[in-house]
Amino acid sequence: MAFFILTAFGHPVKYIWLYLVIVLQVMTTLFTNIKLLAGVRENPQLLRGGELANLPVIENAYLLAEDGHIAGYGEMKNIGDLPSKVSQQLDASGRIVLPAWCDSHTHLVFAATREEEFIDKIKGLSYAEIAERGGGIHNSARKLNAATGDELFNSAWKRLEELIRLGTGAIEIKSGYGLNTAGELKMLRVIKKIKERSPIPVRATFLGAHTYPTEFKNNHQGYIDLIIHEMLPVIAAEKLADYIDVFCETGFFSPAETEIICHAGMSVGLKSKIHANQLNLSGGVQTGVKLGAVSVDHLETMDEKAIAALAASNTIGTLLPTAAFFLRMPFQPARELIDAGCAIALASDYNPGSSPSGNMNLVVAMSCIQMKMLPEEAVNAATINGAFAMELQDTVGSIGIGKKANLLITKPVASLARLPYSFGSNLIEKVIIGENIYGAAGI
Ligand code: NIG
Ligand code: FE
């Protein structure tokens with residue numbers, strides 16, 4: 001729109017009316033001959049257990065997007081009901097159209113990659129051993145504290161653009177590499193700036209409790225006090241976060257410490273999302289359930305009690321298979337979780353230490369190949385349940401009237417299963433984000 005107004009000012013006044021007509025006209029895009037329109041839900045509910053296998057589809061469909069939102073859809077044979085004025089038409093013959101991925105767990109803002117630790121891991125060091133040597137989260141914190149807000153914004157923005165092209169249509173981003181008041185606030189302000197400028201919805205999570213800074217190694221209460229009395233008041237005043245997160249793990253934050261920190265966050269309006277049961281049976285899942293957390297994330301290390309607690313709750317279990325893959329850990333027990341009736345989401349955990357990839361196509365493929373999720377279960381977990389894990393289910397994650405037109409269009413494929421089956425191939429032809437088209441013919 002701004003483009004048209006600027007262009008108009010460069011021309012004689014008599015042409016301005018023409019530009020205004022263009023500006024005032026709502027942009028409508030019609031997708032026709034869609035082989036399979038998947039994830040169609042008018043009143044989405046959080047999917048748990050057996051419900052995850054049900055992916056509602058319309059075969060041979062059309063979809064109309066108006067002003068960046070879904071304004072109509074249905075079978076091609078009913079396309080006659082459409083308004084006649086359409087700004088652009090895209091033929092989706094042979095292609096599947098899905099809601100864009102909803103990635104509900106990332107650490108997208110970081111100062112530097114950590115390939116040196118990658119080599120250490122190849123040589124045999126564990127994640128915990130690297131952390132003990134001052135590597136891991138501490139390594140990222142040192143680099144983050146040395147970087148400017150602009151540097152952090154610019155590198156995170158490039159990552160975000162890459163993810164959008166890979167099909168991510170909504171994203172959560174955590175702090176947690178500051179580990180002091182100035183660093184955490186710097187990160188959260190960068191996330192806020194991304195939120196304000198991003199073409200996709202962004203949710204912000206405060207993860208000051210990612211690990212204890214070295215100077216508080218033997219003074220846990222001192223750091224908890226800093227989080228509660230120095231960081232949270234500014235975060236609340238500047239509205240810098242939607243959620244509070246704690247790395248509840250042996251050697252990091254205990255369940256009791258997690259509860260104290262999350263209660264402080266909840267008292268200023270932040271719901272919890274917990275890093276739980278990644279390395280050990282840390283009690284993180286039960287703690288998250290007790291806190292009424294929106295989600296407990298990771299879940300590589302589960303037992304029957306943790307599974308039963310999750311199944312009996314409204315908390316979402318967010319599985320991060322690329323983190324398990326990169327750290328050579330057992331994959332999350334998706335089948336047991338689904339069979340027990342849990343609500344499951346899938347996310348990338350994009351971060352420089354345990355998942356240096358935010359590619360949700362790979363997340364979906366791994367969940368099918370290694371965790372035995374059905375393609376329909378994986379798509380649901382990576383779209384509508386991911387949206388629920390960010391409380392964005394009314395905006396994204398499904399095909400429904402009024403939802404954001406944040407969509408994936410695949411290349412011509414025989415079936416939905418081709419997406420995870422052909423892992424490593426990019427089968428996304430175009431990504432639609434509102435009025436913008438990313439892909440071969442687009443931005
Ligand atoms: O989700 N587990 C804790 N936090 C991150 C990894 C952080 C890092 O290694 O930098 C995760 O895997
Ligand atoms: Fe994480």
Side-chain angles (χ1 to χ4, degrees), residues 103-118 120-121 125-145 147 152 155-156 159 171-179 183-184 187 191 203-213 243-253 258 261 272-280 282 284-285 288 293-301 316-332 345-358 360 363 366 386 389-390:
D103 189 353
S104 63
H105 182 138
T106 82
H107 308 248
L108 189 78
V109 176
F110 55 85
T113 53
R114 302 204 315 245
E115 288 98 319
E116 62 291 351
E117 293 177 10
F118 174 59
D120 287 342
K121 278 187 212 119
L125 288 190
S126 71
Y127 184 77
E129 282 164 340
I130 288 169
E132 274 160 29
R133 289 176 163 203
I137 298 166
H138 290 289
N139 183 359
S140 281
R142 272 191 303 277
K143 289 171 178 157
L144 183 125
N145 280 294
L152 293 171
S155 59
R159 288 177 207 123
I171 195 167
E172 181 259 17
I173 309 174
K174 299 175 196 294
S175 72
Y177 291 130
L179 304 182
E184 286 299 313
M187 273 191 95
I191 297 170
R203 298 293 259 168
T205 299
F206 169 50
L207 176 59
H210 202 179
T211 189
Y212 283 101
Y243 301 107
I244 185 155
D245 195 342
V246 176
F247 188 16
C248 185
E249 182 58 64
T250 314
F252 292 80
F253 291 81
T258 302
I261 295 163
S272 357
K273 285 168 80 66
I274 312 281
H275 277 74
N277 293 46
Q278 180 184 12
L279 309 173
N280 294 283
S282 53
V285 167
V294 173
S295 67
V296 286
D297 302 27
H298 269 291
L299 315 189
E300 284 87 332
T301 316
I316 299 168
T318 298
L319 313 182
L320 313 171
T322 47
F325 170 71
F326 191 77
L327 297 184
R328 298 188 191 88
M329 290 195 60
F331 282 90
Q332 291 81 2
L346 286 166
S348 75
D349 196 18
Y350 192 2
N351 77 79
S354 63
S355 180
S357 161
M360 284 294 286
V363 169
M366 271 184 205
M390 296 184 275

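Both ligands and their constituent atoms are indexed starting at 1 by order of listing.
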Task: Distance under 6.0 Å and angle within 45° of ring axis: Arg142 vs Tyr177 - done: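 Arg142 over Tyr177 ring: no.
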
What I want to check is whether the side chains of [X] and [Y] have a donor and an acceptor closer together than 3.5 Å.
| X | Y | answer |
| --- | --- | --- |
| Ser175 | Glu184 | yes |
| Ser295 | Asp297 | yes |
| Ser348 | Asp103 | yes |

Open item on the list: Aromatic contact between His275 and His107, with the criterion being ring centroids under 6.0 Å apart: yes or no?
Closed with: yes

Open item on the list: Tell me if the aromatic rings of Phe252 and Phe247 count as close, with their centers under 6.0 Å from one another.
Closed with: yes

Open item on the list: I want to know if ligand 1 touches His298 in the polar sense, i.e. an N/O pair below 3.5 angstrom.
Closed with: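 For ligand 1, there is an N or O atom that lies under 3.5 Å from one belonging to His298.
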
Among protein heavy atoms, which sits nearest to [atom], and what does the distance come to when rounded to 0.1 Å?
| atom | value |
| --- | --- |
| atom 6 (C) of ligand 1 | Tyr127 OH, 3.2 Å |
| atom 10 (O) of ligand 1 | Tyr177 OH, 2.6 Å |
| atom 11 (C) of ligand 1 | Asp349 OD2, 3.1 Å |
| atom 4 (N) of ligand 1 | His210 NE2, 2.8 Å |
| atom 2 (N) of ligand 1 | Gln278 OE1, 2.7 Å |
| atom 12 (O) of ligand 1 | Ser354 OG, 2.5 Å |

TODO: Could you check if a side-chain atom of Tyr350 sits within less than 4.5 angstrom of a side-chain atom of Ile171, using non-hydrogen atoms only?
DONE: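 Contact flag for Tyr350/Ile171 side chains = no.
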
Task: Minimum-distance pair of heavy atoms, taken over all atoms of Gly284 and Ala276 - done: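 Smallest interatomic distance, heavy atoms only, reads C-CB, 3.5 Å.
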
- [ ] Assess Glu249 for proximity to ligand 1: is some non-hydrogen atom of it under 4.0 Å away?
- [x]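 Outside the 4.0 Å threshold, so no.
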
TODO: Using a strict 4.0 Å cut-off to heavy atoms of Arg114, name the atoms of ligand 1 that fall inside it.
DONE: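 So the answer, numbered in order with elements, is 8 (C), 9 (O), 10 (O).
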
Task: Enumerated ligand 1 atoms positioned under 4.0 Å from heavy atoms of Ile137 - done: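 By the 4.0 Å cutoff, the relevant atoms are 7 (C), 8 (C), 10 (O).
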
Open item on the list: Working to 10°, measure the angle at the Fe ion (ligand 2) formed by atom NE2 of His275 and atom NE2 of His107.
Closed with: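 My answer is 100°, to the nearest 10°.
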
Open item on the list: Please name the atom of Asp349, limited to N, O or S, that comes nearest to the Fe ion (ligand 2).
Closed with: OD1

